[in-house]
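Inspection log for the structure reproduced underneath, given as C-alpha coordinates.
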Amino acid sequence: MRGLLIGRFQPFHNGHLYVVKEILKEVDELVIAIGSSQRSHTVENPFTGGERLMMIAKSLAENGVVKRRYIIPIPDMDNNSIWVSHVRSLTPPFEKVYSGNTLVKRLFLEVGVKVTTPPLYNREEYSGTEIRARILKGGPWEGLVPKAVVEVIREVDGVRRMRDLSKGDKI
Ligand code: ATP
Ligand code: MG
(Lines give C-alpha, C1' and ligand atoms only; values in the text may rest on other atoms or scores of the structure.)
(Ligands and ions follow the chains in the order given, each with its own letter.)
Protein backbone atom coordinates (compact mmCIF):
# COMPACT_ATOMS: atom_id res chain seq x y z
CA MET A 1 0.00 0.00 0.00
CA ARG A 2 1.27 3.45 -0.92
CA GLY A 3 0.39 6.56 1.11
CA LEU A 4 0.57 10.29 0.41
CA LEU A 5 1.59 12.96 2.93
CA ILE A 6 0.94 16.46 1.71
CA GLY A 7 2.13 19.70 3.26
CA ARG A 8 3.91 22.94 2.47
CA PHE A 9 6.91 22.14 4.67
CA GLN A 10 7.86 25.80 5.21
CA PRO A 11 10.18 24.53 6.66
CA PHE A 12 10.31 20.72 7.15
CA HIS A 13 10.45 20.23 10.95
CA ASN A 14 10.75 17.51 13.61
CA GLY A 15 6.95 16.97 13.68
CA HIS A 16 7.04 16.17 9.95
CA LEU A 17 10.02 13.84 10.43
CA TYR A 18 8.23 12.03 13.24
CA VAL A 19 5.04 11.62 11.26
CA VAL A 20 6.93 10.33 8.20
CA LYS A 21 8.55 7.65 10.37
CA GLU A 22 5.18 6.71 11.89
CA ILE A 23 3.45 6.46 8.48
CA LEU A 24 6.28 4.30 7.11
CA LYS A 25 5.35 1.71 9.78
CA GLU A 26 1.97 1.24 8.09
CA VAL A 27 2.59 1.75 4.38
CA ASP A 28 4.98 0.09 1.94
CA GLU A 29 5.89 3.38 0.28
CA LEU A 30 5.24 7.02 1.08
CA VAL A 31 4.84 9.86 -1.39
CA ILE A 32 5.71 13.19 0.23
CA ALA A 33 4.06 15.96 -1.77
CA ILE A 34 5.38 19.50 -1.41
CA GLY A 35 2.30 21.70 -1.82
CA SER A 36 2.37 25.27 -3.16
CA SER A 37 5.73 24.34 -4.65
CA GLN A 38 5.78 27.40 -6.92
CA ARG A 39 5.59 29.76 -3.94
CA SER A 40 8.68 31.24 -2.33
CA HIS A 41 10.17 34.46 -1.05
CA THR A 42 7.20 35.49 1.08
CA VAL A 43 6.99 35.58 4.87
CA GLU A 44 4.47 32.70 4.85
CA ASN A 45 6.29 30.73 2.15
CA PRO A 46 9.96 31.68 2.39
CA PHE A 47 11.55 28.63 0.72
CA THR A 48 11.38 27.43 -2.89
CA GLY A 49 10.05 24.01 -3.87
CA GLY A 50 13.61 22.92 -4.63
CA GLU A 51 14.93 24.13 -1.28
CA ARG A 52 12.14 22.28 0.53
CA LEU A 53 12.89 19.17 -1.52
CA MET A 54 16.52 19.36 -0.33
CA MET A 55 15.40 19.84 3.29
CA ILE A 56 13.23 16.72 3.12
CA ALA A 57 15.67 14.52 1.17
CA LYS A 58 18.63 15.37 3.42
CA SER A 59 16.63 15.12 6.66
CA LEU A 60 15.32 11.70 5.74
CA ALA A 61 18.77 10.55 4.59
CA GLU A 62 20.41 11.55 7.88
CA ASN A 63 17.68 9.60 9.68
CA GLY A 64 18.16 6.46 7.61
CA VAL A 65 15.00 6.88 5.53
CA VAL A 66 16.43 6.47 2.04
CA LYS A 67 14.15 3.87 0.51
CA ARG A 68 10.38 3.58 0.18
CA ARG A 69 9.82 7.31 -0.25
CA TYR A 70 9.27 9.76 -3.12
CA ILE A 71 9.37 13.55 -2.83
CA ILE A 72 7.28 15.42 -5.40
CA PRO A 73 6.73 19.17 -5.70
CA ILE A 74 3.11 20.07 -6.51
CA PRO A 75 2.38 23.60 -7.74
CA ASP A 76 -0.98 25.10 -6.75
CA MET A 77 -3.85 24.84 -9.12
CA ASP A 78 -6.32 27.66 -9.34
CA ASN A 79 -9.26 25.25 -9.37
CA ASN A 80 -9.99 23.17 -6.27
CA SER A 81 -12.48 20.91 -8.04
CA ILE A 82 -9.77 19.37 -10.24
CA TRP A 83 -6.91 19.61 -7.75
CA VAL A 84 -7.00 15.90 -6.83
CA SER A 85 -6.54 14.92 -10.51
CA HIS A 86 -3.69 17.41 -10.72
CA VAL A 87 -1.99 15.77 -7.70
CA ARG A 88 -2.58 12.31 -9.17
CA SER A 89 -1.08 13.36 -12.50
CA LEU A 90 2.20 14.22 -10.77
CA THR A 91 2.57 11.42 -8.19
CA PRO A 92 2.97 7.65 -8.10
CA PRO A 93 -0.42 6.00 -7.45
CA PHE A 94 -1.50 6.09 -3.78
CA GLU A 95 -4.45 4.68 -1.87
CA LYS A 96 -4.36 6.58 1.39
CA VAL A 97 -3.80 10.26 2.20
CA TYR A 98 -2.37 11.77 5.38
CA SER A 99 -3.17 15.41 6.09
CA GLY A 100 -4.47 17.67 8.79
CA ASN A 101 -5.61 20.32 6.31
CA THR A 102 -9.40 20.76 6.11
CA LEU A 103 -9.54 21.60 2.40
CA VAL A 104 -7.15 18.80 1.43
CA LYS A 105 -9.24 16.32 3.43
CA ARG A 106 -12.49 17.49 1.86
CA LEU A 107 -11.17 17.35 -1.72
CA PHE A 108 -9.91 13.78 -1.34
CA LEU A 109 -12.96 12.55 0.58
CA GLU A 110 -15.25 13.86 -2.16
CA VAL A 111 -13.56 11.57 -4.69
CA GLY A 112 -13.64 8.60 -2.32
CA VAL A 113 -10.01 8.56 -1.15
CA LYS A 114 -9.37 7.61 2.48
CA VAL A 115 -7.83 10.45 4.50
CA THR A 116 -6.22 10.08 7.93
CA THR A 117 -5.24 13.00 10.14
CA PRO A 118 -1.98 12.04 11.83
CA PRO A 119 -1.79 12.91 15.55
CA LEU A 120 0.16 16.12 16.11
CA TYR A 121 3.44 15.73 17.92
CA ASN A 122 4.58 18.57 20.25
CA ARG A 123 2.53 21.01 18.20
CA GLU A 124 3.37 24.10 20.33
CA GLU A 125 6.91 23.94 18.98
CA TYR A 126 6.80 21.62 15.96
CA SER A 127 4.83 24.03 13.81
CA GLY A 128 5.90 25.85 10.67
CA THR A 129 4.20 29.03 11.85
CA GLU A 130 6.01 28.91 15.21
CA ILE A 131 9.38 28.17 13.60
CA ARG A 132 9.05 30.99 11.04
CA ALA A 133 8.12 33.40 13.87
CA ARG A 134 11.16 32.33 15.88
CA ILE A 135 13.51 32.69 12.90
CA LEU A 136 12.25 36.24 12.41
CA LYS A 137 12.65 37.28 16.02
CA GLY A 138 15.98 35.54 16.52
CA GLY A 139 15.29 32.03 17.72
CA PRO A 140 15.83 29.53 19.36
CA TRP A 141 14.55 27.48 16.39
CA GLU A 142 17.43 25.18 15.37
CA GLY A 143 16.37 22.48 17.84
CA LEU A 144 12.92 22.22 16.27
CA VAL A 145 14.11 21.06 12.84
CA PRO A 146 16.39 18.25 11.63
CA LYS A 147 20.10 19.15 11.37
CA ALA A 148 19.89 19.03 7.56
CA VAL A 149 17.25 21.79 7.59
CA VAL A 150 19.52 24.08 9.61
CA GLU A 151 22.21 23.42 6.99
CA VAL A 152 19.96 24.09 3.99
CA ILE A 153 18.67 27.32 5.56
CA ARG A 154 22.26 28.36 6.16
CA GLU A 155 23.28 27.42 2.59
CA VAL A 156 20.57 29.61 1.05
CA ASP A 157 21.02 32.40 3.62
CA GLY A 158 17.41 31.79 4.60
CA VAL A 159 17.40 33.70 7.88
CA ARG A 160 18.53 36.89 6.18
CA ARG A 161 16.04 36.28 3.35
CA MET A 162 13.15 35.96 5.82
CA ARG A 163 14.09 39.03 7.83
CA ASP A 164 14.47 41.02 4.63
CA LEU A 165 11.06 39.88 3.34
CA SER A 166 9.42 40.83 6.62
CA LYS A 167 10.53 44.45 6.28
CA GLY A 168 8.03 45.29 3.55
CA ASP A 169 8.87 48.34 1.45
CA LYS A 170 9.61 50.90 4.13
CA ILE A 171 12.31 53.20 2.84
P1 ATP B 1 2.21 25.89 8.98
O2 ATP B 1 2.12 26.41 10.38
O3 ATP B 1 3.01 26.73 8.06
O4 ATP B 1 0.89 25.45 8.40
P5 ATP B 1 2.77 23.13 9.67
O6 ATP B 1 3.69 22.84 10.80
O7 ATP B 1 1.29 22.95 9.89
O8 ATP B 1 3.13 24.55 9.12
P9 ATP B 1 2.44 21.84 7.13
O10 ATP B 1 3.39 21.84 6.00
O11 ATP B 1 1.18 22.62 7.04
O12 ATP B 1 3.26 22.28 8.45
O13 ATP B 1 2.15 20.35 7.57
C14 ATP B 1 1.73 19.36 6.69
C15 ATP B 1 1.14 18.24 7.48
O16 ATP B 1 2.13 17.72 8.39
C17 ATP B 1 -0.01 18.69 8.39
O18 ATP B 1 -1.24 18.68 7.69
C19 ATP B 1 0.04 17.66 9.50
O20 ATP B 1 -0.71 16.51 9.11
C21 ATP B 1 1.52 17.27 9.57
N22 ATP B 1 2.15 17.91 10.73
C23 ATP B 1 2.49 19.20 10.89
N24 ATP B 1 3.02 19.43 12.10
C25 ATP B 1 3.01 18.24 12.74
C26 ATP B 1 3.41 17.80 14.05
N27 ATP B 1 3.90 18.65 14.96
N28 ATP B 1 3.23 16.50 14.36
C29 ATP B 1 2.70 15.64 13.47
N30 ATP B 1 2.31 15.98 12.23
C31 ATP B 1 2.46 17.26 11.86
MG1 MG C 1 -0.20 23.59 8.47
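Read the numbers this way: they start at 1 and go in the same order the structure lists the ligands and their atoms. As the structure is a prediction and not an experimental result, all values here were calculated from the model.
Between the side chains of Asn45 and Ser40, no donor N or O sits under 3.5 Å from an acceptor N or O. Side-chain contact of Ser99 with Asn101: a donor-acceptor pair under 3.5 Å is absent, judged by distance alone.
Classification of Arg2 and Glu29 as a salt-bridged pair holds, one side-chain N sitting under 4.0 Å from a carboxylate O. Here Glu62 does not pair with Lys58 in a salt bridge; the nearest charged N to carboxylate O distance is not below 4.0 Å.
Annotation: salt bridge (charged side-chain N to carboxylate O under 4.0 Å, His left out) contacts of Lys96 (sequence neighbours excluded): Glu26.
Residue Arg163 qualifies as enclosed at atom CZ: its count of foreign heavy atoms under 6.0 Å is above 12.
Among protein residues, Ile6, Gly7, Arg8, Phe9, His13, Gly15, His16, Val19, Ser99, Gly100, Asn101, Pro118, Pro119, Leu120, Tyr121, Arg123, Tyr126, Ser127, Gly128, Thr129, Arg132 come within 4.0 Å of ligand 1, judged on heavy atoms.
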